[in-house]
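Comments concern the structure below.
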Amino acid sequence: MNAPRSAALVAEALSSLEPEHRVVVVRAYYRHRSVAELADELGLPQDTVKSRLNHGLHALRDALRDNGVMES
């Protein structure tokens, strides 16, 4: 699979996430924010940020598998 196609599939997978999950995944991995920083930025408890990040990463993994970007 070529890089532009893979990037488009990753973007599509990210857009399929619930908004509260997408925001923590994007900020954690693309903006390199820590859980503590995310909690402060979003006004949430750290445990909530951790939970949303966990759920978001699982959903992202599933979406990437569905799109053929990752193998099972």
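Just so you know, these numbers come straight off a predicted model, no measurement behind them.
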(Q) Working note: S51 + H55, criterion side chain to side chain contact (heavy atoms under 4.5 Å, CB included); need CA distance, chi angles, decisive distance, verdict. (A) CA-CA 6 Å; S51 176; H55 287 284; 3.3 Å; yes
Q.
For a side chain to side chain contact (heavy atoms under 4.5 Å, CB included) check, start with the C-alpha distance between L60 and L17, then their side-chain angles and the critical distance, and finish with the verdict.
A. CA-CA 7 Å; L60 181 60; L17 299 180; 4.3 Å; yes
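The shortest heavy-atom contact between E12 and S15 is O-OG, 2.8 Å. Residue S16 comes nearest to A13 through the heavy atom pair OG-O, 2.6 Å, listed as atom of the first residue, atom of the second, then distance. Residues A39 and Q46 share a closest heavy-atom pair of CB-CG, 3.7 Å.
Using a distance-only test at 3.5 Å, with no hydrogens or angles considered, no donor-acceptor pair links the side chain of R52 to the main chain of H21. For R22 (side chain) and G56 (main-chain N/O), no donor-acceptor pair under 3.5 Å exists by modelled atom type. Without hydrogens or angle criteria, R33 side chain to R31 main chain gives a donor-acceptor distance under 3.5 Å.
From L53, atom CG reaches atom OG1 of T48 across 12.0 Å, with rounding to the nearest 0.5 Å. Here OG of S6 is found 10.5 Å from CG of N67. Values are rounded to the nearest 0.5 Å. Here the CZ atom belonging to R27 is positioned 5.0 Å from the CD atom belonging to E41, to the nearest 0.5 angstrom.
Residues V25 and L14 are in side-chain contact: their nearest non-hydrogen atoms beyond the backbone lie under 4.5 Å apart.
Side-chain contact check for H58 and D62: no donor-acceptor pair (N or O, by modelled atom type) lies under 3.5 Å.
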